[in-house]
Amino acid sequence: MRIEQDLKLGFKDVLFRPKRSTLKSRSQVELTREFTFKHSGRQWSGVPIIAANMDSVGSFDMAKALAAHGVMTAIHKHYTVSDWAEFVKSSDASVLNNAMVSTGTSEADFQKTKDIMALSDDLIFICIDIANGYSEHLVEYVQKVREAFPDKVISAGNVVTGDMVEELILAGADIVKVGIGPGSVCTTRVKTGVGYPQLSAIIECADAAHGLGGRIIGDGGCSCAGDVSKAFGGGADFVMLGGMLAGHTESGGEVIEQDGKTFMKFYGMSSQSAMDKHSGGVATYRAAEGKTVLLPFRGTVNNTIQDIMGGVRSTCTYVGAAQLKELTKRTTFIRVQEQENNVFGKE
């Protein structure tokens with residue numbers, strides 16, 4: 001047993017230090033990023049925010065709505081191949097280019113991924129997603145998928161340390177998904193005692209990935225637009241959002257009426273709700289590692305994504321970054337004891 005004494009930070013532990021800027025307005029800030037991915041050689045351009053592949057967030061409707069803003073959606077893995085066929089028929093290339101095909105690591109998952117990817121050449125992203133990215137099985141599966149899809153962009157995760165980021169990139173991943181336990185409906189840290197403060201995870205994993213020409217997704221832990229900016233400031237190439245994009249018309253969650261008010265069910269993908277729905281219940285050898293909550297119904301996602309993007313643009317103006325890609329170079333974080341004045345409640 002050993003104890004690491006180095007300080008590890010979450011989003012709540014820091015604020016940006018403002019700097020002189022030549023920008024007159026947040027409208028001058030460019031949020032679009034252009035990436036050429038290491039293994040696939042693919043080029044992609046867009047706003048590097050991703051709706052999480054949760055079945056109460058990452059729906060086909062969400063993909064269509066967010067693509068209009070240049071934003072991506074990781075489609076949840078519980079749609080059938082025929083569901084995908086219908087979606088492909090009804091969507092243009094701009095939507096499909098911004099959709100990630102999510103998959104687990106079983107043989108059935110592999111076949112299903114092949115069937116879905118065969119539906120359209122405009123599908124270019126594959127998201128290999130398991131809770132514990134430290135499994136040797138994941139590394140082997142990434143190699144297998146890379147061999148089958150040499151020209152597709154492969155994301156794999158989740159991990160929180162640089163050594164595993166490097167291993168997954170060397171195995172064939174273009175992007176590594178970073179985050180264990182920070183999500184709003186994730187209880188992994190409570191049930192297992194395992195985790196890593198998300199900002200430090202992003203900083204360390206970005207450093208490891210960028211040294212090899214890879215990219216990372218900061219997945220989880222964002223509760224406001226300022227947190228999204230902090231993830232980018234810490235070096236995340238993409239930021240994945242679950243709870244912030246849940247509860248909308250396009251989210252695909254179950255709508256519930258209570259006391260004359262409308263709510264939408266939102267739950268973690270390792271929760272009792274998710275396993276009851278997709279796996280016939282929680283297996284006897286494991287515990288549920290997610291919450292189920294009711295969120296006030298928030299209408300269309302368009303206002304929310306514009307608010308998030310507006311917040312990130314504003315961050316950039318405070319530190320003098322004319323483009324999102326400059327944000328991490330212009331970032332100085334200061335450690336704080338408080339984030340906001342809550343005398344009249346939280347924002």
Taking [Y]'s backbone N and O only, do any of them form a donor-acceptor pair with [X]'s side chain (distance below 3.5 Å, no angle check)?
X	Y	result
R17	I334	no
E4	D6	no
S90	F87	yes
Q198	G10	no
T262	E257	no
K19	R330	yes
R313	L324	no
N132	Y134	yes
K230	V14	yes
T36	Q43	no

Below 4.5 Å, heavy atoms only, C-beta onward: do [X] and [Y] meet side chain to side chain?
X	Y	answer
V178	N158	no
L66	M72	no
L241	V239	yes
E86	V88	no
V47	H69	no
L9	L7	yes
I154	F37	no
K152	V101	no

Under 4.5 Å between side-chain heavy atoms, hopping through other hydrophobics if needed: is there a path connecting [X] to [Y]?
X	Y	value
V185	I50	no
L123	I217	no
V194	V165	yes
V142	L170	yes
L199	M240	no

Taking atom [atom1] of [X] as the centre, does the number of heavy atoms from other residues, nucleotides or ligands within less than 6.0 Å exceed 12?
X	atom1	value
K325	NZ	no
F263	CZ	yes
D121	CG	no
E340	CD	yes
R26	CZ	no

Parallel, tilted or perpendicular: ring planes of H137 versus Y141, cut at 30 and 60 degrees: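 The rings of H137 and Y141 sit tilted, inter-plane angle from 30° to 60°.
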
is_close_aromatic(Y79, F60), centroid dist under 6.0 Å: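 Ring centres of F60 and Y79 closer than 6.0 Å.
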
Would you please indicate if the ring centroids of F16 and F333 are separated by under 6.0 Å?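 Yes; F333 has its ring centre under 6.0 Å from that of F16.
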
Whether the [X] and [Y] side chains hold a donor-acceptor pair (N or O, under 3.5 Å, no angle test) is what I'd like checked.
X	Y	answer
T292	K265	no
H248	T304	yes
T300	T249	no
Q111	D115	yes
W44	N98	yes

Geometric cation-pi criterion K144 and F110, 6.0 Å radius, 45° cone: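 The answer is yes; both the distance and angle limits are met.
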
Do you know which two heavy atoms are closest between [X] and [Y], and how far apart they sit?
X	Y	answer
A156	A173	CB-CB, 4.2 Å
T188	C186	OG1-SG, 3.2 Å
L96	S120	CD1-OG, 3.6 Å
N97	D122	ND2-O, 2.8 Å
Q28	L23	OE1-C, 3.6 Å
S45	T32	OG-CG2, 3.3 Å

Distance (rounded to the nearest 0.5 Å) between [X] [atom1] and [Y] [atom2]:
X	Y	atom1	atom2	answer
M244	I49	CE	CD1	8.5 Å
I128	L138	CD1	CG	6.5 Å
I130	T103	CD1	OG1	10.5 Å

Of R146, R42, K38, which meets salt bridge (Lys or Arg N to Asp or Glu O under 4.0 Å) against D174?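 Of all the options given, the one that passes is R146.
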
So, applying ring pair (Phe, Tyr, Trp, His ring centres under 6.0 Å) with F238, which one of F35, F232, F125 is it?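 Between F238 and the candidates, ring pair (Phe, Tyr, Trp, His ring centres under 6.0 Å) is satisfied uniquely by F35.
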
Cationic N near anionic O, under 4.0 Å, [X] to [Y]:
X	Y	result
D109	K77	no
E326	K329	no
E107	K112	no

Identify, with sequence neighbours excluded, every residue that meets side-chain hydrogen bond (donor to acceptor under 3.5 Å, both in side chains) alongside D237.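 For D237 the side-chain hydrogen bond (donor to acceptor under 3.5 Å, both in side chains) partners, ignoring immediate neighbours, are H210, R215.
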
Check step by step if salt bridge (charged side-chain N to carboxylate O under 4.0 Å, His left out) holds for R335 and D13. CA-CA 6 Å; R335 288 180 59 203; D13 300 315; over 6 Å; no

Take S59 and D61 through the side chain to side chain donor-acceptor pair (under 3.5 Å) test and state the conclusion after the steps. CA-CA 5 Å; S59 70; D61 287 340; 5.2 Å; no

